[in-house]
Amino acid sequence: MSKTIGLAPLALAVLPAAVQAAATVEGEVYADLGYAYSHYDDKGAAPRSNLFDDTNSHAGVALTTREGAYSATLVYERALDADSVSNADLVRQSYVRVSTPVGTALYGRAPTAYKLSGEALDPFYNTAVGTINGAAFGAATAVVRGPSYGLSALTSDARGNGFVANQLAYVSPAFGGLRVNAAFFMNENPAPADDHDYGLGAEWSGDWMGGEATAGVQYLDVRSNVNFAAIGIPGSGAVKATRVYAAYGRNDWGLSASWEPLDLKSGAADRDYVFAAGWLGLTEQTRVALALGYTDNTPFEGNSATLGVFHKLFTGFEVYAAARYTDRDAAPEQSNNLAVGATYTVRFKGSKTL
């Protein structure tokens with residue numbers, strides 16, 4: 001009994017420390033900046049152009065409270081456009097995410113799982129040759145900027161395409177490397193134009209033959225043009241989109257592929273987007289990449305090939321040179337795009353135990 005009483009003060013002294021160690025607040029401030037010079041020639045009536053482009057630069061902050069297997073995160077991110085005289089610094093992301101042992105849920109304006117699955121496949125994403133229609137980056141509308149030719153506007157880095165508001169999303173824990181995800185995009189318009197939009201998907205990833213393999217499918221049922229207002233679908237904007245994709249990567253090379261059949265409503269012809277890419281590491285700092293794209297029944301149907309070299313000068317700072325050739329069925333039928341650019345990613349992190 002005396003030993004038990006003697007240990008009590010020590011236990012009471014240790015208990016507050018254990019409680020404090022259980023909760024941690026983490027903060028992160030980050031910026032992803034991209035700028036490029038490009039030369040574009042569409043071989044048609046339009047003159048050749050030389051453009052200096054901001055390639056979807058953005059900055060944000062993330063705050064996380066973590067306790068054991070539970071965490072809550074607030075993300076706020078804005079677009080930064082140093083190449084525009086207009087006020088283009090718009091909110092890209094603003095959401096709350098809660099992670100638990102039974103999965104992760106979020107609500108707010110956030111990237112869709114459909115967008116993220118395509119972005120991960122594209123080595124030229126958010127470079128000066130990243131437009132879904134083969135146009136010059138600086139001369140293209142926001143809806144087509146970000147992904148390479150062969151990926152749809154639902155992969156875009158713009159609001160109303162890849163970043164969608166009024167989103168309630170869930171991602172399951174991994175079961176043998178397999179995760180499932182679902183999303184509900186609320187339409188706040190009054191009836192009868194009050195159809196909601198939905199998303200569903202599954203992705204497996206794991207070690208395979210000395211590298212990491214990924215395979216998945218993502219589906220979007222867009223029933224109105226409220227949340228997905230800028231994806232370029234005629235009529236009501238209704239579309240059922242599916243992405244089937246796979247990727248494989250090792251330390252020194254990787255491959256990826258995506259097929260997107262889009263089932264358009266309002267009597268419009270269905271569309272197909274096909275994309276494939278590969279990269280090879282020449283040194284620890286330098287890699288080359290190749291991307292091939294094909295689209296059918298799109299306003300810019302045809303095919304495209306992109307070749308580029310990327311070199312890391314130091315941590316977070318990378319320069320690149322790329323060339324793209326696009327052959328479309330409609331005018332302008334052929335175009336060339338040459339670009340040199342740089343990207344800089346910076347992260348400041350800190351944490352405090354409560």
Side-chain angles (χ1 to χ4, degrees), residues 28-41 48-60 77-84 88-89 92 118-132 134-140 142 144-151 155-158 162 247 249-256 275-293 304-326 335-349:
E28 179 181 13
V29 178
Y30 62 90
D32 293 309
L33 310 176
Y35 302 97
Y37 168 82
S38 65
H39 173 79
Y40 179 78
D41 185 359
R48 293 185 296 272
S49 60
N50 297 284
L51 302 168
F52 187 77
D53 305 320
D54 178 294
T55 53
N56 290 337
S57 298
H58 52 273
E77 180 180 290
R78 295 184 70 88
L80 305 176
D81 191 351
D83 190 39
S84 174
D89 294 352
R92 282 164 49 101
E119 179 181 351
L121 305 172
D122 186 359
F124 296 98
Y125 199 90
N126 274 349
T127 66
V129 291
T131 59
I132 70 169
F137 191 98
V144 307
R145 297 181 183 180
S148 293
Y149 193 98
L151 297 170
T155 321
S156 174
D157 209 45
R250 299 170 65 99
N251 290 333
D252 53 351
W253 63 273
L255 297 170
S256 60
F275 174 82
W279 64 271
L280 175 67
L282 302 180
T283 68
E284 290 186 2
Q285 292 78 31
T286 306
R287 72 186 191 279
V288 294
L290 172 68
L292 303 174
S304 181
T306 306
L307 180 65
V309 57
F310 298 81
H311 179 72
K312 291 183 179 180
L313 289 180
F314 53 86
T315 300
F317 192 87
E318 185 174 68
V319 295
Y320 65 88
R324 180 187 61 189
Y325 172 76
T326 305
S335 65
N336 297 320
N337 199 177
L338 304 175
V340 291
T343 58
Y344 177 52
T345 301
V346 60
R347 298 274 192 282
F348 298 99
K349 297 182 180 180

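Both backbone and side-chain heavy atoms feed into the values below; hydrogens, waters and symmetry mates do not.
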* **Atom of Leu292, atom of Ala305 and distance for their closest heavy-atom approach** => CD2-CB, 3.7 Å
* Rounded to the nearest 0.5 Å, how far does CG of Leu338 lie from CG of Asp41? -> 9.0 Å
* Asked: Tell me, do Arg250 and Leu255 make a side-chain contact under 4.5 Å, heavy atoms counted?
  -> no
* Structure fact -> Here the pair of heavy atoms bringing Phe124 nearest to Val129 is CD2-CG2, 3.9 Å
* Asked: Would you call the rings of Tyr35 and Phe52 parallel, tilted or perpendicular if under 30° counts as parallel and over 60° as perpendicular?
  -> parallel
* Positive for side chain to side chain donor-acceptor pair (under 3.5 Å) with Arg324, one of Thr306, Thr131, Thr127, Asn336 -> Thr131
* Asked: Which heavy atom of Leu121 sits nearest a heavy atom of Ala277, and at what distance?
  -> O-CB, 4.0 Å
* Asked: Are the side chain of Asn337 and the backbone of His39 linked by a donor-acceptor contact shorter than 3.5 Å?
  -> yes
* When rounded to the nearest 0.5 angstrom, what is the spacing between NZ in Lys312 and CD in Glu284? -> 10.0 Å
* Would you mind reporting whether Tyr37 and Asn50 have side-chain heavy atoms less than 4.5 Å apart? => yes
* **Distance flag, aromatic centroids of Tyr325 and Tyr149, threshold under 6.0 Å** => no
* Over 12 non-hydrogen atoms of neighbours within 6.0 angstrom of CZ in Phe348 -> no
* Rounded distance [0.5 Å steps], CH2 in Trp279 versus OG in Ser256 -> 11.0 Å
* Considering all heavy atoms of both residues, which atom of Asp54 and which atom of Phe137 are nearest to each other, and what is their separation? -> O-CE2, 3.3 Å
* Determine whether Arg92 and Asp157 make a side-chain contact, defined as any pair of heavy atoms from C-beta on separated by less than 4.5 Å. => yes
* Structure fact -> Ser38 and Ala128 have their tightest heavy-atom pair at CB-CB, 4.3 Å
* Under the 3.5 angstrom rule, does the side chain of Ser57 hit a backbone N or O of Gly34 as a donor-acceptor pair? -> yes
* Is a side-chain donor or acceptor of Arg145 paired with a backbone partner of Ala158 at a separation under 3.5 angstrom? -> no
* Structure fact -> For Leu151 and Gly118 the tightest heavy-atom approach is CD1-O, 4.1 Å
* Structure fact -> Here the gap from Leu80 atom CG to Asp32 atom CG, rounded to the nearest 0.5 Å, amounts to 10.0 Å
* To do: Nearest 0.5 Å please: distance from the OH atom of Tyr30 over to the NE2 atom of His58.
  => 6.5 Å
* Euclidean distance, Thr343 OG1 relative to Glu318 CD, rounded to 0.5 Å -> 5.0 Å
* Asked: Can you find a heavy atom in the side chain of Ser148 that is under 4.5 Å from one in the side chain of Tyr125?
  -> no
